[in-house]
Amino acid sequence: MKLQEILSQVQPLACQGSLQIDIQDVCTDSRQAKPGSLFIAVKGTQTDGHAFIPKAIEQGATALLVSDEIPSDLPDGVTCVRVVDTESASGPVITQFYGNPTKILKLVGVTGTNGKTTIATVLYQLFRALGHRCGLISTVCNYVDEREVPATHTTPDPVTLNRLLAEMVSAGCEYAFMECSSHAIQQQRIGGLTFAGGIFTNLTRDHLDYHKTFENYRDAKKLFFDGLSKEAFAITNADDRNGMVMVQNCAATVSTYSVRTAADFKARILEESLEGMLLEMDGMEVSVRFVGRFNVQNLLAVYGAARKLGVGREEALQALSTLHPVNGRFEAIRSPKGFSAIVDYAHTPDALVNVLEAINEIKRNGRVITVCGAGGNRDKGKRPIMAQEAANHSDHVIITSDNPRFEEPADIVNDMLAGLDEKQMQKTLSIVDRREAIRTAAAMAQPGDIILVAGKGHEPYQEVKGVKHHFDDHEEIRKAFGLE
């Protein structure tokens, strides 16, 4: 593709060299540059891509897109184009290079603090169950129709993202469902994409290490809905106090969902157990394998999006009844001794409350034992709050290590314990070793008890000092239960 065509969606300020050269590849990482590459120098949160221009040229890059001054020592045969901001230009440029895949796919984005993975994944499962080819971009795993592509970020960088979307088009996919993280929206990784619809889940404290204030975090999410076109749909959670804030300036057709108030899509729980729920949804009864009020909201968002994409009511509800929870999201493991464990990714105070409330609603005469921690090098302010919520909604709590990253695990545990009063401390243990914490919970459990192991969910590793060591909560629970 000619460089001029690739740059057709941006306004160059200056150019040195020919725009008629052929471009074979686009990259934002100088180490991936090669002959025929267009290297986009983006100023990131940690590094400035402009510092790596010499490396990109050394690797053989044919063209450069910059926002700083064009280098005075530009080699012959290398074209350099300057724009106001390469971060905002990178999305439109990269999606143009990959043939604008979202002009062909119907792309639905999901944003919010909790529920993104479940909603995006269940939408993918639902449309596949209805016989459609589709793709998924999520925290747990990416899929190009049936093909699994490992995920490293909730929302990939623009090059990886557009490459995946282009592969979906090549595979004959009609739909794509993706999580849109606040980081990705703020950093304009989804720039240039055309969304058929957007879904808002909820907004609670998270990622304040990056956004600094809750208002900045909220506004980053809102940018996604501000960017939807009038041809798109927006579905928002009427039960969340920020639900209508998200769509204040939205040009898309807005619909709401709720379990508590008037909305376009409503549902209520008729029966509930560890195996699932019987719901009344949109005036019909449907049995699902999901548990908890928070999952009713997730399923309403899925149902609403399916209806907006043209699926009939009965067809959508019948498909929902066949689907199962996402890996690491309220997954139950039963012990032969009469108690159970729930594995869940809950790593924010609100998510922890949602899961614990669901467990307390379905437990009979047993106790709730919660094993949880908090990630290192992330928002420290939520650590004592998570410990408080665990203690408020559990009979016993074990505070342990999660992904300490570059912090000392004991320091993170102490930050959590600092949020507890004397009464809460009486029901709380601290065991830094996560494996030992899970074993201790299993040893404490009696028939009827439910153990919640929260924080890591689908992750099969524990990250310590920059190294990911194999650790899977599912495996550790089964070993502690004598199932392996």
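Count residues from 1 along the sequence.
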Side chains of N392 and Q388, donor plus acceptor under 3.5 Å: no
Using side-chain heavy atoms (C-beta onward) and a distance below 4.5 Å, is M246 in contact with L203? yes
Q: Look at D449 together with K363 and state whether they make a salt bridge at an N to O cut-off of under 4.0 Å.
A: no
Using modelled atom types and a 3.5 Å cut-off, is there a donor and acceptor pairing between side-chain atoms of T95 and backbone atoms of P92?
no
| request: May I ask you to check whether over 12 heavy atoms, not counting those of K222, lie within 6.0 Å of atom NZ? | output: yes
Between the OG1 atom in T370 and the CD1 atom in I398, the distance rounded to the nearest 0.5 Å is 9.5 Å
- Query: Are side-chain heavy atoms of R378 and H347 found at a separation under 4.5 Å?
  - Reply: no
Are a donor atom and an acceptor atom from the side chains of D219 and N216 found within less than 3.5 Å of each other?
no
Looking only at heavy atoms, the pair that brings Y98 and R163 closest together is OH-NE, 3.5 Å
- Relative to the ring of F127, is the ring of H132 parallel (under 30°), tilted (30 to 60°) or perpendicular (over 60°)? tilted
Using a 3.5 Å distance criterion without hydrogens, assess whether the side chain of T102 forms a donor-acceptor pair with backbone atoms of L105. no
L317 vs E314, test: side chain to side chain contact (heavy atoms under 4.5 Å, CB included). Steps then yes/no.
CA-CA 5 Å; L317 292 176; E314 292 186 18; 5.9 Å; no
Q | Ring geometry between F330 and F294 (parallel below 30°, tilted from 30 to 60°, perpendicular above 60°) | A | tilted
Notebook entry, point to check: Are any side-chain N or O atoms of R434 and backbone N or O atoms of S401, one a donor and one an acceptor, separated by less than 3.5 Å?
Noted result: yes
Do D344 side-chain atoms and A454 backbone N/O form a donor-acceptor pair below 3.5 Å? no
- Message: Tell me if a side-chain donor or acceptor on T118 pairs with a main-chain N or O of G115 at a distance below 3.5 Å.
- Response: no
Residues L274 and A332: closest non-hydrogen pair is CG-CB, 4.1 Å
Output for pair (C250 SG, K230 NZ), nearest 0.5 Å, gives 13.0 Å
(message) Are I104 and M168 packed together at the side-chain level, in the sense that at least one heavy-atom pair is separated by less than 4.5 angstrom?
(response) no
Whether K116 side chain and T111 backbone form a donor-acceptor pair below 3.5 Å: no
- Task: Could you walk me through whether R383 and D415 pass the salt bridge (charged side-chain N to carboxylate O under 4.0 Å, His left out) test, one step at a time?
- Result: CA-CA 6 Å; R383 294 174 184 174; D415 285 345; 2.8 Å; yes
key: Note: R128-D145 ion pair, threshold 4.0 Å (strictly below)   = yes
d(M386 CE, L352 CG) to nearest 0.5 Å is 5.0 Å
Query raised in the report: Distance only, no hydrogens: is a donor on one side chain within 3.5 Å (strictly under) of an acceptor on the other, for E459 and N403?
Result: yes
Check your understanding: Are any of the side-chain heavy atoms of M178 and L161 separated by less than 4.5 Å?
Key -> yes
Nearest heavy-atom approach of V311 to L130 is CG1-CD1, 3.8 Å
**OP:** Using atom types as modelled and distance alone, determine if a side-chain donor or acceptor of N295 lies under 3.5 Å from a backbone N or O of N298.
**Re:** no
Worksheet entry | Non-hydrogen side-chain atoms of F233 and S255 separated by less than 4.5 Å | no
Dump the intermediate steps for side chain to side chain contact (heavy atoms under 4.5 Å, CB included) on M416 and V413, then the final yes or no.
-> CA-CA 5 Å; M416 297 186 73; V413 169; 5.8 Å; no
Quiz prompt | Side chain to side chain, Y303 and L320, heavy atoms closer than 4.5 Å | solution = yes
Under the side chain to side chain contact (heavy atoms under 4.5 Å, CB included) rule, what do Y257 and K266 come out as? Steps first, then yes or no, please.
CA-CA 6 Å; Y257 64 93; K266 282 186 62 63; over 6 Å; no
Check: Are the side chain of T322 and the backbone of A319 linked by a donor-acceptor contact shorter than 3.5 Å?
Finding: yes
Practice problem: Taking atom NZ of K479 as the centre, report whether more than 12 heavy atoms of other residues, nucleotides or ligands fall under 6.0 Å from it. | Solution: yes
In this structure, CG of N202 is separated from CG of D240 (nearest 0.5 Å) by 5.5 Å
What's the verdict on ring pair (Phe, Tyr, Trp, His ring centres under 6.0 Å) for F224 and F195, showing C-alpha distance, side-chain angles and the deciding distance?
CA-CA 10 Å; F224 171 70; F195 286 88; 5.0 Å; yes
Just by distance, no angles: are the side chains of H470 and Q462 close enough, under 3.5 Å, to form a donor-acceptor pair? no
Taking the side chain as C-beta and beyond, is there a heavy-atom pair between I369 and L452 under 4.5 Å?
-> no
With salt bridge (charged side-chain N to carboxylate O under 4.0 Å, His left out) as the test, would you mind laying out the steps for R478 and E484 before giving the verdict? CA-CA 6 Å; R478 284 194 287 267; E484 287 189 358; 2.9 Å; yes
### Message
When you compare the side chain of E407 with that of N377, does any pair of heavy atoms fall below 4.5 Å?
### Response
yes
Q) So, R189 side chain and G91 main chain: donor-acceptor pair closer than 3.5 Å or not? A) no
All heavy atoms of V464 vs all of P404, minimum pair found to be CG2-CG, 3.8 Å
The side chain to side chain donor-acceptor pair (under 3.5 Å) partner of H458 among H474, E331, R329 is R329
Heavy-atom nearest pair, T428 first then I399, reads CG2-CG1, 3.8 Å
With a 3.5 Å distance limit and no angle check, can you tell me whether D157 reaches the backbone of T160 through a side-chain donor-acceptor pair? yes
Quiz item: Between R133 and E174, is the closest basic N to carboxylate O distance under 4.0 Å?
Solution: no
Self-check item: Distance-only side-chain donor-acceptor flag, T117 / E179, under 3.5 Å
Solution: yes
Value for CZ (R289) from OG (S321), rounded to nearest 0.5 Å, stands at 8.0 Å
> More than 12 non-hydrogen atoms from neighbouring residues, nucleotides or ligands closer than 6.0 Å to CD on Q318, yes or no?
Replying inline: no
- Task: Applying side chain to side chain contact (heavy atoms under 4.5 Å, CB included), run through I235 and K308 and close with a yes or a no.
- Result: CA-CA 9 Å; I235 301 176; K308 286 293 180 180; 4.1 Å; yes
So, Y124 versus Y143, ring centres under 6.0 angstrom or not?
-> yes
Rounded to the nearest 0.5 Å, the CD atom of Q424 sits from the OG atom of S394 at a distance of 10.5 Å
For this session: For the pair D264 and R307, evaluate salt bridge (charged side-chain N to carboxylate O under 4.0 Å, His left out) and give the outcome as yes or no after the intermediate values.
Result: CA-CA 11 Å; D264 297 296; R307 294 301 309 276; over 6 Å; no
task = Report the C-alpha separation of E275 and R334 in whole Å, then their side-chain angles, then the decisive distance to 0.1 Å, and conclude whether the salt bridge (charged side-chain N to carboxylate O under 4.0 Å, His left out) test is met.
result = CA-CA 11 Å; E275 282 69 39; R334 291 189 176 277; 2.3 Å; yes
